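Below, chain A is the first sequence line, B the second, and so on; all start at residue 1. Just so it is clear, the structure is predicted and the values come from calculations on it, not from any experiment. Only heavy atoms go into these numbers, but all of them, side chains included; no hydrogens, no water, no symmetry mates.
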2 protein chains.
Amino acid sequence: MDVFSAIADPLRRELLTRLAAGPARVVDLAAEHPVSRPAVSRHLRMLTEAGLVVADDVGRERHYRLLPEPLVEVRAFAASLERRPPIPESALDALDTEVRRTSRERRLAAPTHTEESA
Amino acid sequence: MDVFSAIADPLRRELLTRLAAGPARVVDLAAEHPVSRPAVSRHLRMLTEAGLVVADDVGRERHYRLLPEPLVEVRAFAASLERRPPIPESALDALDTEVRRTSRERRLAAPTHTEESA
DNA sequence: CATATTGGTAACAACAGAGTTACCTTTCTC
DNA sequence: GAGAAAGGTAACTCTGTTGTTACCAATATG
């Protein structure tokens, strides 16, 4: 389970937010959210696989704790798309022209459309 | 389609990254990625629903363009979990104690476990 | 030691997501 | 105007995810 899929589920995001306030057990999380205990257990397993959560065994209890490191990948992705200045009209025009030129060349030159790399 | 689900798919992330380099058409994106054109078309519809992409109609062509605004929600979520100082051992102990105390109180006081709010 | 509590997992049903091919409409181009 | 190009959608299949209940193992507790 990758980080992006891990945080795609709303309940898992709630669980992470809850764990940000401090460790908790499966029964606690299940009591605080409208899902069964096995459901919480499996969500926690996924979060563990994503490296977002770790469990400290304390006797028969298991204290789940947030591990925010993997979120840097998410932030990096978002940042890479966000930090991009608003494209001026002139640049848009240029890109538009580029698209048209490229497509014409492709139509004239390429017999197959399954070239291996882009 | 919410933003978190939108960026959960690897291909959609690639499409967004590609669109960050400039607008593109469906045929272009389909040629650059190992999926059929209808698949790309539907991914773009989802990205549009998420507000991550917008289409400029140019004749029979449709130029898709990145719209990074919705990503602030993603960054905000990640940041809210990340900006949390490493928890010192003492605090962990305190929280641990808290969990134990709360669970004991709950066991002693609560007859049913299906109270409506937490 | 008997019992309750915690929690993981299996088995199942229901649903959503992602891919494909086939088909249709719209718009260029000759 | 005929044909090619672009693109959206429908229909279908497949797979993964999410939820549930039932069951089992391990550990506290009286």
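Between the CZ atom of B/Arg62 and the C1' atom of C/dC28 there is a distance of 17 Å, given to the nearest Å. In this structure, B/Leu44 atom CG and D/dG8 atom C1' are separated by 11 Å, rounded to whole Å. Following rounding to the nearest Å, A/Leu47 (CG) and C/dG7 (P) show an atom-to-atom distance of 16 Å. Whole-Å rounding puts the B/Glu14 CD to C/dG19 P distance at 11 Å. Separating the CZ atom of A/Arg25 from the P atom of D/dT27 is a distance of 16 Å, rounded to the nearest angstrom. Summarising the geometry, the separation between CG on B/Leu29 and P on C/dG19 is reported as 13 Å, rounded to the nearest angstrom. When the C1' atom of C/dT5 is taken as reference, atom NE2 of A/His63 falls 13 Å away, rounded to whole Å.
Not a single salt bridge (Lys or Arg N to Asp or Glu O under 4.0 Å) links A/Arg37 to another residue, sequence neighbours left out. Legend: residues meeting side-chain contact (heavy atoms from CB on, under 4.5 Å) with A/Arg75, ordered by chain and number and at least two apart, are B/Ala78, B/Ala79, B/Glu82.
In this structure, the side chains of A/Arg25 and A/Arg62 stay at 4.5 Å or more apart for every pair of heavy atoms. B/Leu15 places none of its side-chain heavy atoms less than 4.5 Å from the side chain of B/Val53. Put simply, the side chain of A/Leu11 reaches to within 4.5 Å of the side chain of A/His43, judged on heavy atoms.
For A/Tyr64, a side-chain nitrogen or oxygen approaches OP1 or OP2 of C/dG8 to under 4.0 Å. The shortest distance between the side-chain N/O atoms of A/Ser41 and the OP1/OP2 oxygens of C/dG8 is below 4.0 Å.
Under the 3.5 Å distance criterion, the side-chain polar atoms of B/Arg13 are matched with a main-chain donor or acceptor of B/Ala8.
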Practice problem: Would you mind building the protein contact string for nucleotides 11-20 of chain D? One character per nucleotide, 5' to 3', B for base within reach (heavy atoms under 4.0 Å), S for sugar-phosphate only, - for untouched. | Solution: -------BBB
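In the interface, the side chain of B/Arg60 is paired with the base of D/dA5 through a donor and an acceptor atom under 3.5 Å apart.
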